[in-house]
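Here the structure comes first, spelled out in structure tokens, and everything after it is commentary.
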Amino acid sequence: MSKEKPSIPQGTRDFGPEVVRKRSFIFDTIKKTFELYGFQPLETPAMENLATLMGKYGEEGDKLIFKILNNGLGEPKKIDKSRAAFENVLQGKNDTHLTERALRYDLTIPFARYVAMNHGQLVFPFKRYQMQPVWRADRPQKGRYREFYQCDADVVGSTSLLNEVELASIYHDVFTHLGITGYELRINNRKILAALAELCGGQDKMTSITIAIDKLDKIGIVKVKEELLQRDLNEEQITTIEKYLQITGNNEQNLTQIRSLIGGVEIGRKGIEEIEYVLGINTDARLVVDFTLARGLDYYTGIIFEARAPKEVKIGSIGGGGRYDDLTGLFGVPGIPGVGISFGVDRIYDVMEELKLFPAEVHTGTQILFFNMGEQESRTAYKQVQQLRAKGVRCELFHEPAKMDKQFKYAERKGIPFVAILGSQELTEETCVVKDLRTGRQERVPLAELIFYSFI
RNA sequence: GUGGCUGUAGCUCAGUUGGUUAGAGCAUCAGAUUGUGGUUCUGAGGGUCGCCGGUUCGAGCCCGGUCUGCCACCCCA
């Protein structure tokens with residue numbers, strides 16, 4: 001037996017009863033909404049083959065993938081290969097002789113893998129949702145974990161912008177049901193960013209530009225310009241980008257200004273039209289155009305979304321998504337475009353906790369506790385408990401005869417609203433005393449009538 | 001991955017320039033009084049001061065390492 005103090009890995013958490021209830025409230029709300037829009041559930045394994053994940057999330061992403069050490073590395077037969085593989089890894093390469101599996105990093109790539117494997121059987125457009133944990137070898141901070149949950153909904157096999165419209169509506173519906181009214185849903189289009197890159201010397205500049213402008217609200221225009229200089233952009237190009245970043249106003253004004261700046265570029269014009277289409281149907285006031293929105297993931301090619309928490313909580317992004325052409329092309333099945341969104345449950349939880357948005361109904365614990373007043377009394381009480389359970393009332397019988405104050409304390413600490421006292425006197429009368437601990441009010445109820453009571 | 005801050009009882013924290021058996025409040029448990037608790041009274045338990053090592057006659061306090069949480073960078077949910 002070891003005497004180690006129990007602990008859990010960095011950036012992971014246990015969820016106690018109260019927390020699980022609150023989290024379930026969020027999951028249930030999201031799930032219900034996804035299903036209302038016709039999405040179907042999917043689950044994939046926690047681990048994928050490393051090759052499935054590598055190279056899909058950019059250079060930084062690759063570093064954040066949790067790799068799983070192979071078993072049996074020390075087998076006499078394999079030991080030379082293991083050593084050689086280890087040398088490779090020390091040089092920053094991957095080697096399947098050391099790690100051939102890894103924990104999933106997000107839900108989109110495993111989904112793409114699934115679609116690529118099963119495209120022959122699926123009905124397109126295929127709409128699936130998935131709510132599972134993902135893992136990242138990031139350094140944890142508040143609102144940043146190494147294991148966290150994502151709730152994704154994606155549509156593949158359709159280029160219709162109606163999908164984008166619906167996904168934006170899903171954000172609205174979910175946040176509204178959760179009571180998060182102050183959220184903001186930002187929208188941009190990678191095509192507009194591509195057009196900007198084209199104006200600034202070519203597509204190869206796109207990554208540099210997006211990385212720099214993504215930081216605008218954090219470091220300010222001056223530092224962004226410095227960064228662009230370092231990334232080999234010349235004065236003229238930076239001036240163009242500055243003009244781009246200075247676009248302000250409401251959605252309509254923004255679009256007018258962007259049109260005059262990049263409307264001359266074919267792909268840019270297309271991007272603008274797409275946003276206009278979506279805004280024309282989905283008129284939610286919280287949908288705001290933000291040309292500085294870039295989104296890190298490399299695979300986005302069209303409209304991109306980011307849901308931001310109400311400003312006062314300083315939590316930032318609570319969801320995001322976008323359109324990707326040909327995600328499954330990476331797995332040898334080209335020509336399946338898609339678009340998807342994701343909810344960050346852990347951050348949504350923090351937002352709701354901070355703004356006190358969890359409704360009282362999330363507490364679905366025991367409704368009534370029967371006191372244990374002695375051997376005979378508890379037998380009768382148990383019959384009552386079983387009858388109430390059959391009616392769907394969540395109840396408990398105190399596990400042993402004990403002093404009343406002890407039983408009261410148990411009920412109070414577990415947040416049980418009602419107690420039933422069935423002692424010797426009640427036993428002969430065939431009644432029991434029902435007390436509402438929240439109001440202190442109590443009344444004597446015949447046992448036969450107990451099942452008509454509502455314990456809410 | 002880089003840099004910085006942090007860690008004392010279940011919880012919130014004290015702990016003076018390193019000096020005897022490390023404290024408080026709340027919580028817990030037991031006893032007293034009550035067929036109705038959370039009031040009162042009495043008492044008790046609980047900490048190898050995150051962990052490992054070093055300096056010192058002596059370390060909660062100084063030094064090194066390590067782990068955790070947090071902050072910035074990076075990146076993102």
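The sequence lines fix the lettering, A, B, ..., with proteins before strands; numbering per chain opens at 1. The structure displayed is predicted, hence computed values, not measured ones.
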Length of the [atom1]-[atom2] vector between [X] and [N], whole Å:
{"X": "A:Tyr300", "N": "B:A77", "atom1": "OH", "atom2": "P", "answer": "7 Å"}
{"X": "A:Glu59", "N": "B:G1", "atom1": "CD", "atom2": "P", "answer": "17 Å"}
{"X": "A:Leu293", "N": "B:A77", "atom1": "CG", "atom2": "P", "answer": "11 Å"}
{"X": "A:Arg347", "N": "B:C75", "atom1": "CZ", "atom2": "C1'", "answer": "10 Å"}
{"X": "A:Asp138", "N": "B:G1", "atom1": "CG", "atom2": "C1'", "answer": "10 Å"}
{"X": "A:Lys63", "N": "B:C74", "atom1": "NZ", "atom2": "C1'", "answer": "9 Å"}

Any luck finding a side-chain donor-acceptor pair between A:Thr248 and A:Asn254 under 3.5 Å?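 No, no side-chain donor-acceptor pair sits under 3.5 Å.
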No-hydrogen, no-angle side-chain donor-acceptor test under 3.5 Å, A:Ser424 and A:Glu377: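 Looking only at side-chain atoms, A:Glu377 and A:Ser424 do not form any donor-acceptor pair under 3.5 Å.
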Dot-bracket encoding of pairs in RNA chain B, which uses [ ] for pseudoknotted crossings and | for another strand, Watson-Crick or G-U under 3.5 angstrom: (((((.(..((((.....[...)))).(((((.......))))).....(((((..]....)))))).)))))....
Measure from NZ or CZ of [X] to the centre of the six-membered ring of [Y] and say whether it is under 6.0 Å with the direction within 45° of the ring axis.
{"X": "A:Arg146", "Y": "A:Phe66", "value": "no"}
{"X": "A:Arg128", "Y": "A:Phe111", "value": "yes"}
{"X": "A:Arg323", "Y": "A:Phe305", "value": "no"}

Centres of the [X] and [Y] rings: under 6.0 Å?
{"X": "A:Tyr349", "Y": "A:Phe25", "value": "no"}
{"X": "A:Phe34", "Y": "A:Tyr129", "value": "yes"}
{"X": "A:Phe370", "Y": "A:Tyr382", "value": "no"}

Nucleotide by nucleotide, 5' to 3', does protein get under 4.0 Å of the base (B), only the sugar-phosphate (S), or neither (-) in nucleotides 64-71 of chain B, counting heavy atoms? ----SSSB
Any chance you could list the contact pattern along nucleotides 31-41 of chain B? Use B for base contacts, S for sugar-phosphate-only contacts and - for none, protein heavy atoms under 4.0 Å, 5' to 3'. ----BBBB---
Write down the distance separating the [atom1] atoms in [N] and [M], rounded off to the nearest Å.
{"N": "B:G23", "M": "B:C49", "atom1": "P", "answer": "14 Å"}
{"N": "B:U68", "M": "B:G50", "atom1": "C1'", "answer": "8 Å"}
{"N": "B:C76", "M": "B:U66", "atom1": "C1'", "answer": "28 Å"}
{"N": "B:G19", "M": "B:G65", "atom1": "P", "answer": "25 Å"}
{"N": "B:U34", "M": "B:A27", "atom1": "C1'", "answer": "23 Å"}
{"N": "B:C63", "M": "B:A24", "atom1": "P", "answer": "29 Å"}
{"N": "B:A59", "M": "B:C52", "atom1": "C1'", "answer": "15 Å"}
{"N": "B:G46", "M": "B:A22", "atom1": "P", "answer": "13 Å"}

side-chain contact (heavy atoms from CB on, under 4.5 Å) partners for A:Ile451, two or more places apart: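 A:Ile451 satisfies side-chain contact (heavy atoms from CB on, under 4.5 Å) with A:Gln387, A:Leu388, A:Lys391 only.
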Identify all side-chain donor-acceptor contacts of residues 170-177 of chain A below 3.5 Å with residues at least two apart in sequence or on another chain.
unit_1, atom_1, unit_2, atom_2, d
A:Tyr171, OH, A:Gly320, N, 3.0
A:Tyr171, OH, A:Gly320, O, 3.2
A:Tyr171, OH, A:Ser342, O, 3.2
A:His172, NE2, A:Arg286, NH2, 3.4
A:Asp173, OD2, A:Tyr37, OH, 2.7
A:Thr176, OG1, A:His172, O, 2.6
A:His177, ND1, A:Asp173, O, 3.0

Name all pairs fulfilling the ring pair (Phe, Tyr, Trp, His ring centres under 6.0 Å) condition that reach into residues 409-432 of chain A, sequence neighbours left out, sorted by first residue then second.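 Sorted result for residues 409-432 of chain A: A:Phe398-A:Tyr410, A:Phe418-A:Phe455.
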Upstream residue (5' side of RNA chain B) when A:Leu64 and A:Ala137 are each assigned their closest nucleotide: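 Here A:Ala137 is the residue nearer the 5' end.
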A:Ser24 side-chain N/O to A:Val20 backbone N/O, donor-acceptor pair under 3.5 Å: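 Checked: pair present.
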